[in-house]
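These notes concern the structure reproduced below.
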Amino acid sequence: MVTYRYPVPFSTEDYYISPQVEGLLGYPAASWSRPEFWASLLHPQDRDRSLGASQHSIQTGEPFSDEYRLRSRDGRWVWILDEATLAEDLGARRTFWQGVWVDISNLRRSQDALRESLGAQAQLSEERRRLLARLVEAQEEERRRLAGAIHDDPIQAMAAAAFLVDLLGRQAGEPEHREALHQAAKSLQEAIARLRRMVFELRPPALEREGLAAAIRQYAERATDATRRSICVDDRLKRDLPMELRTTAFRIVQEALSNVGRHSGASSVEVTLEAREMGLFARVVDDGIGFEPTPALFASRPGHLGLQIMRERAEAVGGWCEIASAPAQGTTIEFWLPFARTPP
């Protein structure tokens, strides 16, 4: 640490700088008797700022505090923390800078290394987010392709086959033949219904035509056909959403409702949609058995892969997803997706 006392305006008779300055920068204390010496050693990137801060303190009387680089005698740049105040010596009738220099080079190097490390981590996180986004886009494109292929070929063919089987059953002479053909036609109709449900889950038509809330309601109606579970959708959105945002939100809610059906034993579920902080905020709350949401559960527990998928879908578009639960206290899933996606 170096202490100093400089008169304002400067005079060679009244200045003082401690001998430790030579160990810090390599210049003897006598070198600092020239008022321009300090300024000549300032790093070009720091000079204007530090000189301006010094003048500001002289004009206002405010303390001076700055971090800057000085060139040492061997050519190194040494980071200095400079703290000084203006003090008035009534006996000498002069004003003096009284301050200290502290070598913070190691601290700055550590900060730079940490900054580089954080920057590298941020870059990796961004690359991961971009890869997730591309994966989600590829998945949705494949869903659209499969939905179209199933609707245009197998369903149409099976519907025609069911019609012919039913017609043959009506024309069959033997009762057992009519019954067999009737059962075959019924099996075909049930298979067609399952395929149509699959097409709906792959690409709900309402998602494009009517919006997010309508698609969730349709999915909820289909999901509760065989149960007594009540699913309420509270739509508080006052704006239309871009298709990409609708799709991501629908998939997260779909996965959440699917988990409710498979694991929770809930009797009621409430889905809330609203605009919040320049994005879509959604909450899915059930009154089921709940669980303990440990980190290991999201990573590897069989049957709960969907919890991690929900988070990854939200993060892929720059959002977040959080799950809160406890045994016998139900489960709450909340997620937020920005209206404007960060460009990849």
Side-chain angles (χ1 to χ4, degrees), residues 136 139-144 146-148 150-151 155 189-190 192-277 279-290 306-307 309-311 313-314 316-317 319-325 330-339 341:
V136 169
Q139 288 173 338
E140 289 303 320
E141 182 58 35
E142 185 65 12
R143 286 173 184 267
R144 284 192 290 269
L146 286 173
I150 292 171
H151 182 271
I155 289 181
Q189 292 293 346
E190 290 174 351
I192 290 170
R194 287 195 296 271
L195 283 174
R196 284 177 173 157
R197 283 196 295 272
M198 184 184 299
V199 169
F200 175 84
E201 292 185 7
L202 285 171
R203 192 66 178 176
L207 196 59
E208 294 185 18
R209 297 198 298 260
E210 303 172 55
L212 176 61
I216 293 174
R217 289 192 180 100
Q218 287 187 10
Y219 178 81
E221 289 170 4
R222 291 170 180 265
T224 55
D225 282 348
T227 70
R228 298 181 179 180
R229 187 178 300 112
S230 167
I231 300 179
C232 173
V233 180
D234 182 9
D235 181 15
R236 304 176 188 175
L237 290 169
K238 305 296 183 183
R239 60 178 290 173
D240 193 24
L241 301 176
M243 193 61 208
E244 181 187 30
L245 185 58
R246 293 188 208 176
T247 301
T248 300
F250 177 79
R251 294 302 178 201
I252 296 174
V253 173
Q254 181 185 31
E255 187 63 45
L257 294 178
S258 177
N259 285 338
V260 170
R262 292 196 303 266
H263 306 295
S264 76
S267 61
S268 66
V269 186
E270 182 173 351
V271 181
T272 303
L273 306 171
E274 64 182 61
R276 182 183 296 183
E277 297 176 355
L280 165 66
F281 174 79
R283 179 185 291 116
V284 181
V285 181
D286 71 63
D287 61 356
I289 60 174
L307 299 176
I309 289 174
M310 286 188 287
R311 282 186 170 175
R313 282 187 176 275
V317 296
W320 53 263
C321 179
E322 297 294 340
I323 294 94
S325 186
T331 301
T332 297
I333 296 172
E334 295 180 339
F335 64 90
W336 177 87
L337 311 175
F339 288 143
R341 176 177 168 179

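All of these numbers come straight from a predicted model, not from anything done at the bench.
- Residues satisfying the side-chain contact (heavy atoms from CB on, under 4.5 Å) test with A249, not counting sequence neighbours, are L212, L280, F335, L337.
- For the side-chain contact (heavy atoms from CB on, under 4.5 Å) test, residues two or more places apart in sequence or in another chain that qualify with R209 are P205.
- When all heavy atoms of F339 and R239 are compared, the closest pair comes out as CD1-NH1, 3.0 Å.
- Taking each heavy atom of L237 and D235 in turn, the nearest pair found is N-OD1, 3.1 Å.
- Here the closest heavy-atom approach between residue A266 and residue V260 is recorded as CB-CG1, 4.1 Å.
- Partners of E322 under the side-chain contact (heavy atoms from CB on, under 4.5 Å) rule, at least two apart in sequence or in another chain, are R311, W320.
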Walk me through whether T247 and R313 qualify under side chain to side chain contact (heavy atoms under 4.5 Å, CB included). CA-CA 10 Å; T247 301; R313 282 187 176 275; 5.8 Å; no
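- The side-chain contact (heavy atoms from CB on, under 4.5 Å) test applied to I289 returns no partner, not counting sequence neighbours.
- Proximity of a side-chain donor or acceptor of N259 to a complementary backbone N or O of S264 within less than 3.5 Å is not detected.
- Using a 4.5 Å cut-off on side-chain heavy atoms (C-beta onward), L207 and M243 make contact.
- With sequence neighbours excluded, no residue forms a side-chain hydrogen bond (donor to acceptor under 3.5 Å, both in side chains) with R217.
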Side chain to side chain contact (heavy atoms under 4.5 Å, CB included) evaluation trace for C321 with I333: CA-CA 7 Å; C321 179; I333 296 172; 4.0 Å; yes
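- The minimum heavy-atom distance linking E277 with W336 is given by the pair O-CZ2, 3.2 Å.
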Check the pair I216, L273 against side chain to side chain contact (heavy atoms under 4.5 Å, CB included), reporting the backbone distance first and the verdict last. CA-CA 10 Å; I216 293 174; L273 306 171; 4.1 Å; yes
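- Under the side-chain hydrogen bond (donor to acceptor under 3.5 Å, both in side chains) criterion, E274 pairs with R236, R276, sequence neighbours left out.
- G290 approaches S325 most closely through the heavy-atom pair CA-OG, 3.3 Å.
- Using a 4.5 Å cut-off on side-chain heavy atoms (C-beta onward), E210 and Q218 make contact.
- The shortest heavy-atom contact between S258 and Y219 is CB-OH, 4.1 Å.
- When atom types are taken as modelled, the side chain of R283 and the backbone of T332 share no donor-acceptor pair closer than 3.5 angstrom.
- Under the 3.5 Å distance criterion, with hydrogens and angles disregarded, no donor-acceptor pair is assigned to the side chains of T272 and D234.
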